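For clarity, every value in this text was computed on a predicted model and none was experimentally measured. Letters A, B, ... are given to chains in the order of the sequence lines, protein chains preceding strands, and every chain is numbered from 1.
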Protein chains: 2
Amino acid sequence: MAAEKQVGPTLRTVPAGDNRERLVCADCGFVQYDNPKIVVGAVVQWQGRVLLCKRAIEPRIGYWTLPAGYLELGETPLEGAVREAQEEACAEIAVDALLAVYSVPRISQVQLIYRAALKAPEFGPSPESLEVALFDWDAIPWDELAFPTVAWALAAWRRIGDAPVFAPEFNPAD
Amino acid sequence: MAAEKQVGPTLRTVPAGDNRERLVCADCGFVQYDNPKIVVGAVVQWQGRVLLCKRAIEPRIGYWTLPAGYLELGETPLEGAVREAQEEACAEIAVDALLAVYSVPRISQVQLIYRAALKAPEFGPSPESLEVALFDWDAIPWDELAFPTVAWALAAWRRIGDAPVFAPEFNPAD
């Protein structure tokens with residue numbers, strides 16, 4: 001619907017009682033409280049191999065990623081991670097721990113990545129994934145991963161292994 | 001600015017290429033992608049006592065809470081937790097671990113609560129807090145806490161103590 005025309009909250013101003021600029025609609029006064037978004041996803045394994053999805057949608061179409069996406073209203077992060085595996089990989093997963101919390105402040109994103117396993121060796125492409133596959137660690141297409149956080153999460157999963165109790169990892173130091 | 005009049009994206013419909021209803025402005029077509037918001041906060045201790053703030057703003061004005069609030073655009077969760085302690089308690093804190101991840105799907109909120117300590121025994125009221133104080137565990141005003149997650153986080157902090165490596169807690173089972 002909204003095409004090229006500038007619409008919605010486009011005026012940058014500090015609303016009364018606030019202490020920072022928000023986007024306000026110059027026409028109607030609507031204040032848009034825009035906050036960081038939460039991405040939920042999982043490193044999903046089956047017999048030691050890890051599930052990756054080749055993206056069918058922008059950004060980074062054709063590159064490999066974890067099943068992950070935006071948390072929706074009314075969802076818990078766990079529910080969101082399970083839903084994303086269904087939507088992107090046609091897979092049913094069992095989540096068992098919080099593997100990592102990544103922050104991408106440049107795009108105002110916080111990622112909650114879980115450790116999970118397939119409930120059964122069943123998965124496949126979807127409207128969001130051109131291809132879905134299980135990879136041995138040595139076969140992961142490192143040069144064709146969609147986002148830095150995918151590589152971080154895979155490395156965290158490898159380091160943490162089956163540890164029953166561990167602290168989730170954060171962004172790498174560099 | 002936006003008073004009683006119905007303004008902004010108020011039409012509930014599924015935009016083209018999407019798979020769920022979003023709020024759209026009937027006047028201009030602006031699509032509001034509304035996702036859960038992230039609250040960041042900390043259980044802050046000083047010599048074993050815990051810092052609480054008596055809320056000066058709604059909701060739950062006059063009740064005690066942790067320094068916590070909405071993560072802002074461009075912030076990391078750690079930066080947000082430090083800022084909230086400054087804004088609500090005039091306190092400088094050192095964060096050392098992720099204590100808990102709580103989900104409140106009814107209000108589409110995910111809370112990241114950290115374990116932290118005051119850098120110095122300096123704190124005080126602010127525009128957001130009527131009163132700020134350190135409490136011995138046995139003196140915590142359990143009946144006057146602002147939100148269930150405050151009690152959950154305090155209990156998590158007590159259970160986890162100084163553990164160097166631990167998994168963050170999630171919502172209690174009940």
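Contacts between A:Ile107 and chain B at a heavy-atom distance below 4.5 Å are absent for every atom of the residue.
Residues of residues 65-101 of chain A lying within less than 4.5 angstrom of chain B, judged on heavy atoms, are A:Tyr70, A:Leu71, A:Glu72, A:Leu73, A:Gly74, A:Glu75, A:Thr76, A:Pro77, A:Arg83, A:Glu87, A:Leu98, A:Val101 in numerical order. Residues of residues 147-168 of chain B lying under 4.5 angstrom from chain A, judged on non-hydrogen atoms, are B:Val165, B:Phe166, B:Ala167, B:Pro168 in numerical order. The stretch residues 55-62 of chain A places none of its residues near chain B, where near means some heavy atom under 4.5 Å from a heavy atom of that chain. The contact list for residues 36-53 of chain A toward chain B, using heavy atoms and a distance under 4.5 Å, reads A:Pro36, A:Lys37, A:Ile38 by residue number.
In the hydrophobic clustering of ILVMFWY residues, with side-chain heavy atoms under 4.5 Å counting as a link, B:Val31 and B:Leu23 come out apart. In the hydrophobic clustering of ILVMFWY residues, with side-chain heavy atoms under 4.5 Å counting as a link, A:Phe135 and A:Ile113 come out together. Hydrophobic cluster membership differs between B:Tyr102 and B:Phe170, with clusters built from Ile, Leu, Val, Met, Phe, Trp and Tyr side chains linked at under 4.5 angstrom.
The 12-atom threshold is not exceeded at OH of A:Tyr63, counting heavy atoms of other residues, nucleotides or ligands nearer than 6.0 Å.
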Tell me, with the steps shown, if B:Val110 and A:Leu112 meet side-chain contact (heavy atoms from CB on, under 4.5 Å).
-> CA-CA 10 Å; B:Val110 174; A:Leu112 301 177; 4.2 Å; yes
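Heavy-atom pairs under 4.5 Å with chain A peak, among B:Gln109, B:Arg106, B:Arg22, at B:Arg22.
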